[in-house]
Every structure is written in structure tokens, then in C-alpha cells.
Amino acid sequence: MESPNKRGKLRDNTAGKLVSGGAALIALFAGVLAHVDPLACVGRAALAFLLGGIGYQVWYVLVTSQTSTNRLIIGATGLTRSEESDSKAA
């Protein structure tokens with residue numbers, strides 16, 4: 001039986017696989033519709049899969065780093081959210 005942490009990682013990576021797989025399928029379909037050599041289609045689909053995965057990871061890092069930075073700033077001031085709004089109002 002898998003540990004809960006391992007199962008959580010699998011779920012987190014599902015979106016990356018969907019984005020990468022979608023990019024690969026789009027590249028594959030575009031190559032087939034354009035009557036490109038089959039080997040070139042597969043190569044382009046593999047490249048799209050790789051770039052889709054890297055792009056998703058970059059997006060994920062940028063979005064999560066921004067939210068965790070906001071939490072760190074609030075936590076570093078030592079104020080709760082209600083105290084912070086009171087100090088801004090004053």
C-alpha cells in the first residue's frame with residue numbers, strides 16, 4: 001500500500017501530465033493534418049510534451065511562490081489579519 005504522501009504527489013502531477021499530453025496531442029494532430037512525415041510528427045509531439053511539462057512547472061512555481069510569499073510577509077510582521085487591517089485604518 002502506498003503512503004499518503006506518495007499518493008498526494010501523484011495527484012499533484014496529474015495536471016502537469018494533462019497539460020503535457022494535451023500539447024503533445026495537439027502537435028500530433030497538427031502534423032497529421034499538415035501531411036508531415038510520421039517520424040517528424042512523433043518528434044514534434046515529444047518536444048511539445050517536454051515543453052508543456054516545463055511550462056506547467058514554471059507556471060506552478062510562479063503561482064505558488066506568490067501566495068506563499070504573501071503568507072510569509074503577514075507572518076513576519078507578527079500581526080493577524082484583523083490587527084493588520086486595524087493598523088492600516090489608523
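All values derive from a computational prediction rather than experimental measurement.
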> For the residue pair A45 and A27, what are the closest heavy atoms and their distance?
Replying inline: CA-CB, 4.0 Å
>> Out of the candidates L39, L28, V36, only one should pair with R44 under the side chain to side chain contact (heavy atoms under 4.5 Å, CB included) rule; please name it.
In response: V36
> What is the minimum heavy-atom distance between V19 and G52, and which atoms define it?
Replying inline: CG1-O, 3.9 Å
> Do Y56 and F49 belong to the same hydrophobic cluster, where Ile, Leu, Val, Met, Phe, Trp and Tyr are linked whenever their side-chain heavy atoms lie under 4.5 Å apart, directly or via other members?
Replying inline: no
> To the nearest 0.5 Å, how far apart are CD in Q57 and CD1 in I54?
Replying inline: 9.5 Å
